[in-house]
S.K.: 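Quick one: the structure is below, and I'll ask about it shortly.
Keep in mind that the numbers below use all heavy atoms, side chains included, and drop hydrogens, waters and symmetry copies.
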Amino acid sequence: MKIRLLCVLALTILCAFNSQLSIANAQGTAFTYQGRLNDGSGTASGTYDLTFALYDSSNGGSQVGVSITNSSTVVSNGSFTVTLNFGDQFPGTNRWLSMAVRTNGAAAFTTLAPRQAILPTPYAIHAGTASDVGTGS
């Protein structure tokens with residue numbers, strides 16, 4: 001019994017002090033999207049329902065994953081920020097974000113065009129080929 005307890009304690013300490021083991025898979029699949037919305041010829045302000053979908057093409061193509069609806073999104077002076085989580089739908093191929101909007105509580109969504117390309121951030125581009133992963137460099 002003592003040996004088993006010592007093994008569990010040793011593994012706990014190892015995980016606590018080895019940052020490579022303790023932070024593995026720490027990155028989730030959610031990301032922040034910041035957009036600008038116009039209402040007619042001016043900037044939108046108020047509360048809107050926004051729905052988002054991922055596609056494998058800038059035009060036509062197929063939807064990948066599920067649609068996400070953010071109800072009652074506050075838009076101030078045309079700007080809004082939402083968190084989107086499509087799960088594991090980014091295998092390295094191109095993706096485009098489709099967005100539709102309606103005034104809060106209205107019956108129908110209006111799809112906006114064009115779709116927006118989902119692009120990596122500069123450090124994310126490097127992450128796929130980093131040779132120094134886990135070295136602290």
S.K.: One pair to check against side chain to side chain contact (heavy atoms under 4.5 Å, CB included): T47 and V75. What are the steps and the verdict?
M.R.: CA-CA 6 Å; T47 305; V75 179; over 6 Å; no
S.K.: Name each donor-acceptor pair under 3.5 Å that joins a side chain in residues 111-119 to protein atoms two or more places apart or in another chain, with its distance.
M.R.:
from	atom 1	to	atom 2	distance (Å)
R115	NH1	S57	O	2.8
R115	NH1	G60	O	2.7
R115	NH2	G60	O	3.3
Q116	NE2	P114	O	3.1

S.K.: Would a single hydrophobic cluster contain both M99 and L54, if residues Ile, Leu, Val, Met, Phe, Trp and Tyr are joined by side-chain heavy-atom contacts under 4.5 Å?
M.R.: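 Same hydrophobic cluster.
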S.K.: Can a donor-acceptor pair be found, under 3.5 Å and without considering hydrogens, that links the side chain of S45 to the backbone of N77?
M.R.: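 Yes; judged by distance alone, with no hydrogens or angles, the pair exists.
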S.K.: Does any non-hydrogen side-chain atom of L50 lie less than 4.5 Å from one of T69?
M.R.: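 T69 does not reach L50 side chain to side chain.
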S.K.: What are the two closest non-hydrogen atoms of Q63 and G65, and how far apart are they?
M.R.: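 Looking at all heavy atoms of both residues, the shortest contact is NE2-O, 3.4 Å.
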S.K.: Test side chain to side chain donor-acceptor pair (under 3.5 Å) on N85 and T29 and set out the steps.
M.R.: CA-CA 6 Å; N85 189 347; T29 55; 2.5 Å; yes
S.K.: In Å and rounded to the nearest 0.5 Å, what is the CG to CZ distance from L84 to F52?
M.R.: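 That separation rounds to 5.0 Å.
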S.K.: Do you know the tightest heavy-atom contact between A30 and T83?
M.R.: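 Nearest pair, atom of A30 first, then T83: CB-CG2, 4.0 Å.
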S.K.: Measure the spacing between OG1 of T73 and CG of D49 and express it to the nearest 0.5 Å.
M.R.: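 It is 7.0 Å, given to the nearest 0.5 Å.
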S.K.: Just by distance, do the side chain of R95 and the backbone of Y55 share a donor-acceptor pair under 3.5 Å?
M.R.: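 Pair absent, no side-chain N/O of R95 close to backbone of Y55.
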S.K.: Under the ring-ring contact (aromatic ring centres under 6.0 Å, His included) rule, what pairs show up with a residue in residues 56-96, not counting sequence neighbours?
M.R.: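 Matches after skipping sequence neighbours: F31-F90.
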S.K.: Kindly compute the distance separating OH (Y48) from OG1 (T103), expressed to the nearest 0.5 Å.
M.R.: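 Taking OH in Y48 and OG1 in T103, the distance rounds to 7.5 Å.
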S.K.: Quick check: closest heavy atoms across R36 and S79, and the distance to 0.1 Å?
M.R.: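 Closest approach of R36 to S79: NH1-OG, 3.8 Å.
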S.K.: Mind checking the CG-OG spacing from N59 to S98? Nearest 0.5 Å is all I need.
M.R.: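 N59 atom CG to S98 atom OG measures 10.5 Å (nearest 0.5 Å).
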